[in-house]
Amino acid sequence: MRKFHRILQIILLVYFAGLLIFFISFDTMAGLVGIAEVTSDSVVKILLTGLVLFLISWLVGKGVKSSLEGKVKKMENEMNALKAKIYDFEHPKTTEKPKSQETQPPSDSEGSSIPPRQNFTE
């Protein structure tokens with residue numbers, strides 16, 4: 001798909017470069033192609049052909065970009081899963097339960113010298 005996108009971009013570049021050269025040297029090249037004069041119909045056809053080539057190239061480019069972003073996101077998810085596995089191996093879960101009394105501050109009902117708070121409603 002990326003190779004096809006590059007080929008489309010080259011075709012688009014050659015198309016518009018050829019048109020530029022053709023219209024710059026129209027007096028000498030008109031006889032070779034068989035165009036006596038440039039009409040609005042011929043210019044519209046030429047520009048619409050260029051627009052179609054550009055849109056096809058742009059859509060293929062968007063497809064290439066989205067597929068690459070999908071691959072990157074998939075690789076990031078795999079990498080995060082592997083990091084989680086490595087972390088789990090390096091830090092195995094301990095079977096001991098932590099002592100809750102040592103880690104928690106004493107609550108109000110455990111013999112604190114401060115009386116409990118009273119809510120007054122009037």
Side-chain angles (χ1 to χ4, degrees):
M1 187 91 156
R2 283 187 274 173
K3 193 175 277 191
F4 181 65
H5 182 244
R6 287 181 185 166
I7 291 171
L8 277 175
Q9 286 180 333
I10 291 171
I11 289 172
L12 186 65
L13 176 69
V14 168
Y15 179 77
F16 281 113
L19 284 178
L20 179 67
I21 292 170
F22 176 74
F23 283 118
I24 287 175
S25 62
F26 182 74
D27 293 334
T28 58
M29 296 188 82
L32 296 174
V33 181
I35 299 175
E37 63 181 34
V38 178
T39 62
S40 62
D41 291 339
S42 62
V43 172
V44 167
K45 288 178 186 176
I46 290 170
L47 289 178
L48 284 179
T49 305
L51 177 67
V52 168
L53 284 174
F54 173 76
L55 288 177
I56 291 171
S57 176
W58 181 70
L59 289 173
V60 170
K62 287 291 238 181
V64 167
K65 182 181 175 184
S66 67
S67 69
L68 289 176
E69 286 175 351
K71 285 181 183 178
V72 167
K73 187 168 282 282
K74 182 180 175 183
M75 287 181 178
E76 285 177 352
N77 289 339
E78 288 176 4
M79 190 169 62
N80 287 338
L82 290 174
K83 284 180 181 179
K85 285 181 182 178
I86 289 172
Y87 181 82
D88 289 342
F89 285 133
E90 289 177 352
H91 301 82
K93 293 182 180 178
T94 58
T95 56
E96 293 181 25
K97 293 183 181 178
K99 296 180 181 178
S100 61
Q101 293 177 355
E102 294 176 357
T103 58
Q104 295 179 351
S107 63
D108 290 339
S109 63
E110 293 181 353
S112 175
S113 63
I114 301 173
R117 183 176 135 188
Q118 296 177 357
N119 293 333
F120 296 104
T121 57
E122 293 181 33

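Treat the numbers as computed from the prediction; the structure is a model and nothing was measured.
Expressed to the nearest 0.5 Å, how far CG of Leu13 lies from CD1 of Ile10 amounts to 8.0 Å. To the nearest 0.5 Å, atoms CG (Leu47) and CZ (Phe16) are separated by 7.0 Å. Here the CG-CZ distance, from Leu59 to Phe54, works out to 9.5 Å after rounding to the nearest 0.5 Å. Atom CE of Met75 is separated from atom CG of Leu82 by 12.0 Å, given to the nearest 0.5 angstrom. Here the CZ-CD1 distance, from Phe23 to Ile46, works out to 4.0 Å after rounding to the nearest 0.5 Å. One finds the NE2 atom of His5 at 11.5 Å from the CD1 atom of Ile7 (value rounded to the nearest 0.5 Å).
Remark: the backbone N or O of Leu53 is not paired with any side-chain donor or acceptor of Ser57 at under 3.5 angstrom.
Using bins of under 30°, 30° to 60° and over 60° for the plane-to-plane angle, the ring pair Tyr87/His91 lands in the parallel bin.
Listed by chain and number, the residues in a side chain to side chain contact (heavy atoms under 4.5 Å, CB included) with Arg2 are Val64, Leu68 (sequence neighbours excluded). Considering only residues two or more places apart in sequence or on other chains, Leu51 meets the side chain to side chain contact (heavy atoms under 4.5 Å, CB included) condition with Leu48, Leu55.
Side-chain heavy atoms closer than 4.5 Å link hydrophobic residues (I, L, V, M, F, W, Y) into clusters, and following such links, possibly through other members, connects Val52 to Leu8. Under the 4.5 Å side-chain heavy-atom criterion for grouping Ile, Leu, Val, Met, Phe, Trp and Tyr, Val14 is not connected to Phe4 through any hydrophobic cluster.
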